[in-house]
Amino acid sequence: MDSLLQHLLHLSTPPNTTHKPMFINSPQTNKSNFPSLHSSVDSTLQQHQDTQLQKPASVSVPQFENSKYEAQSQVGSLDFLSRKGKFMLNSIVEQPLSNLNAFFDSAKFELLEVDLVSLLKGLDILGNWEKALLLFEWIVLNSNPEATKLDNHVIELMVRILGRESQHSIAAKLFDEIPVEEYSLDVRAYTTILHAYSRTGKYERAIALFETMKEKGLFLTLVTYNVMLDVFGKMGRSWDKIVELLDEMRSKGLEFDEFTCSTVISACGREGRLEEATKFFTGLKSQGYVPGTVTYNSLLQVFGKAGIYSESLSILKEMEENNCPPDSVTYNELVAAYVRAGFYEEGAALIDTMAHKGIMPNAVTYTTVINAYGRAGKEEKALSLFHQMKTLGCVPNVCTYNAVLGMLGKKSWSEEMTEILCDMKSNGCAPNRITWNTMLAMCGNNGMHKYVNRIFREMKSCGFEPDRDTFNTLISAYGRCGLGIDATKMYEEMITAGFTPCVATYNALLNALARRGDWKAAEAVIVDMKIKGFKPSETSYSLMLHCYAKGRNVKGIEEIENEVYDGHIFPSWILLRTLILANSKCRALTGMERAFQGITTEWV
DNA sequence: CTAGGGTTAG
């Protein structure tokens, strides 16, 4: 364990802090980090400026660097910039990122004379979005909120740049500092901000901003609605809201597109709303809508998640009949559907089928099957597929490595884990929070629980902040150690830390309780879930069954059984399988037979 | 031209 931790630490570069906003990274701290470097840079900077102020930019700087020369000739062609603007742009481009704030301060008066929109635009065109951001932040901090209100166009441009660069977390954070609602940005800018909130999980903020947009009387477009559908879909438990939005779109005469359809169907997939998905999909077709590959793919996901691979097959057939070309995602969904239903070899065989049809299997395809083999205890097959993918030139990604590490971790195969960590290093694949969580989870195995706290500490020292999922992992880790009391304590700690529990949290708790067969506490967890408005998942019911089985509570099993057979709980393949296992543990033959029949009639 | 969707890992 110690050696593994060493490898992991060695592998861990600090997490991607591509940018530190000015609010955190003040010029003072920069200087204190590199005192000698900065003082010299500062003085040359000052000289540079003095000379440049006297002469036109194009002749003032010696052209001893090619890149510098290229940048300058490019700047020269930016006609929307004034001469002063071009000069400023040149000076900013020459500064290292770390020195920019100090530079802005020193050039304060010159900066305020140029058109800032043009300057930002120039920086963006030269590929310096980070410098554009630093300039924007400097403007925000240095403009007097009373007198000079920020220009709408400056904000719109910054929004566009961050959106294009997919810097969603930076955008979400930045536009939390600025009261964007008080400005009148165009619908595209607001939509980009909505998207940034959506991608960073700030659903409540997105909804609030959406309401403000409506109040402002902005003409909401198809894209705005599509983003909001995604917000409600990702937030979960908002099907009514989705229906409401769809009605609103119809009444405004907005025609659905592929984004609308796939987003809505995916929302169904996340919550197992098979009926709603089917109804929506058939409704679309009856209106004459021709679904594309992405819409079919989301539909495949709905049934794949439910383990109904037969339905997945008919969807594929329909695609082929409608000349809708399947792509790698289509096949990946199909593979997932197979392995979820327990058909590992059929799933693995699809890899060859894909290649045969000219759709290259990718890292997702392999990871899906490797993970399935791992779960099924077929470690050798998983490892051989892992080697096969590398031989065929498919590069594993961090998900692949995490899947393999997770599998090895369950078996405590530390030497193989070390090999994998080395392989990650040689492939330049950085571990992520899940890698760390996998290591945490591994310590749930016998006698390693003393490492849990240490790994948690090291993880934080590598710059990975614990989040809701980390707490879920900690609860699971303690649960797997058989320390149910600690799991409950960790749950309380998570609440105090300000995280909202989710279904996974409750399932982790249920898992801890199931090990001990503490069905009374588990029942209380289910009650709490329902009070807080969460719908227990297939896993929750499965864990309850395990819990009752361990506690030899046949009556409890029967209660869930009844709900499964009377249609309150969807009789998925996995649940029926758990029913067989739970009943067999309690020697309840009738229950076993009934579940077995359920499987054979429904799924075979 | 400018804003948006679907697949994998704990």
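Protein chains get the first letters and strands the later ones, always in sequence-line order, with residue 1 at the start of each. Note that the structure is a prediction, hence the values are computed from the model and not measured.
Comparing B:dG5, B:dT2, B:dT7 by their nearest atom to the side chain of A:His195 picks out B:dG5. For A:Val364, the side-chain atoms get nearest to B:dT7 when compared with the rest of B:dT7, B:dT2, B:dA9. With B:dT8, B:dA3, B:dG5 as the candidates, the nucleotide lying closest to the side chain of A:Val294 is B:dG5. The nucleotide whose nearest atom lies closest to any side-chain atom of A:Glu333 is, among B:dG5, B:dA9, B:dT7, B:dT7. In this structure, of B:dA9, B:dG5, B:dA3, it is B:dA3 that holds the atom nearest to the side chain of A:Arg160. Nearest to the side chain of A:Asn332, among B:dG5, B:dT7, B:dT2, sits B:dT7. Proximity note for A:Arg375 (side chain, C-beta onward) versus B:dA9, B:dT8, B:dA3: the nearest is B:dA9. Nearest nucleotide to the A:Ile434 side chain, out of B:dA9, B:dA3, B:dG5: B:dA9.
A straight line from OH of A:Tyr401 to C1' of B:dA9 spans 14 Å, rounded to a whole angstrom. Separating the CZ atom of A:Phe464 from the P atom of B:dA9 is a distance of 19 Å, rounded to the nearest angstrom. As a whole-Å value, the separation of A:Ile155 CD1 from B:dT2 P is 22 Å. In this structure, A:Gln301 places its CD atom 14 Å from P of B:dG5, rounding to the nearest Å. One interatomic measurement links the two molecules: CG of A:Leu162 to P of B:dA3, which rounds to 11 Å at whole-angstrom precision. Put simply, OH on A:Tyr309 is 23 Å from P on B:dT7, counting in whole angstrom units. One interatomic measurement links the two molecules: NZ of A:Lys305 to C1' of B:dT7, which rounds to 10 Å at whole-angstrom precision. Distance, A:Asn402 CG to B:dA9 P: 11 Å, rounded to whole Å.
Using a 4.0 Å heavy-atom criterion, one finds that A:Val227 contacts the sugar-phosphate atoms exclusively. Counting any heavy atom pair closer than 4.0 Å across all strands shown, A:Asp327 reaches a base atom. Nucleic acid contact class of A:Thr192 (heavy atoms, under 4.0 Å, all strands): sugar-phosphate only. At a threshold of 4.0 angstrom between heavy atoms, the contacts of A:Thr221 include nucleobase atoms, whether or not backbone atoms are also involved. Heavy atoms of A:Lys234 sit under 4.0 angstrom from primed sugar atoms or phosphate atoms, though from no base atom. Counting any heavy atom pair closer than 4.0 Å across all strands shown, A:Asn362 reaches no nucleic acid atom. Contacts of A:Asn432 with the nucleic acid, taken as non-hydrogen atoms under 4.0 Å apart, include base atoms.
Residues from residues 199-220 of chain A lying near DNA chain B, meaning a heavy-atom separation below 4.0 Å, are A:Arg199 in numerical order. Residues from residues 265-275 of chain A lying near DNA chain B, meaning a heavy-atom separation below 4.0 Å, are A:Ser266, A:Arg270 in numerical order.
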Side chains of residues 115-122 of chain A: which donor-acceptor pairs under 3.5 Å do they make with residues two or more places apart or in other chains?
{"unit_1": "A:Asp115", "atom_1": "OD2", "unit_2": "A:Ser118", "atom_2": "N", "d": "3.3"}
{"unit_1": "A:Asp115", "atom_1": "OD2", "unit_2": "A:Ser118", "atom_2": "OG", "d": "2.4"}

N/O donor to acceptor pairs below 3.5 angstrom from side-chain atoms of residues 372-383 of chain A, sequence neighbours left out:
{"unit_1": "A:Tyr373", "atom_1": "OH", "unit_2": "A:Glu345", "atom_2": "OE1", "d": "3.2"}
{"unit_1": "A:Tyr373", "atom_1": "OH", "unit_2": "A:Glu345", "atom_2": "OE2", "d": "3.3"}
{"unit_1": "A:Lys381", "atom_1": "NZ", "unit_2": "A:Glu345", "atom_2": "OE2", "d": "2.7"}

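Note: A:Tyr225 and A:Phe210 have perpendicular aromatic rings, judged against thresholds of 30 and 60 degrees for the angle between ring planes. A:Phe471 and A:Phe456 have perpendicular rings, their planes meeting at more than 60° on a 0 to 90° scale where under 30° would count as parallel.
Evaluation of the side chain to side chain contact (heavy atoms under 4.5 Å, CB included) rule for A:Ser238 yields A:Phe232, A:Met235, A:Lys241 as partners, not counting sequence neighbours. Taking the side chain to side chain contact (heavy atoms under 4.5 Å, CB included) definition, one finds that A:Thr192 meets it with A:Val159, sequence neighbours left out. Applying the ring pair (Phe, Tyr, Trp, His ring centres under 6.0 Å) criterion to A:Phe281, with sequence neighbours excluded, gives A:Tyr296. Under the side chain to side chain contact (heavy atoms under 4.5 Å, CB included) criterion, A:Asn397 pairs with A:Ala363, A:Thr367, A:Cys399, A:Thr400, not counting sequence neighbours. Applying the side-chain hydrogen bond (donor to acceptor under 3.5 Å, both in side chains) test to A:Thr505 and every residue at least two apart in sequence or in another chain returns A:Asn472.
A:Tyr289 and A:Phe256 have their aromatic ring centers separated by at least 6.0 angstrom.
Remark: A:Asn371 is in phosphate contact with B:dA9, judged by side-chain N or O atoms under 4.0 Å from OP1 or OP2.
Interface remark: the A:Ser262 side chain does form a donor-acceptor pair with the B:dG5 base, using a distance-only criterion of under 3.5 Å. Checked by distance alone, A:Thr438 brings no side-chain donor or acceptor within 3.5 Å of a matching partner on the base of B:dA9.
The pair A:Lys202-A:Asp176 meets the salt-bridge criterion, since a charged nitrogen lies less than 4.0 angstrom from a carboxylate oxygen.
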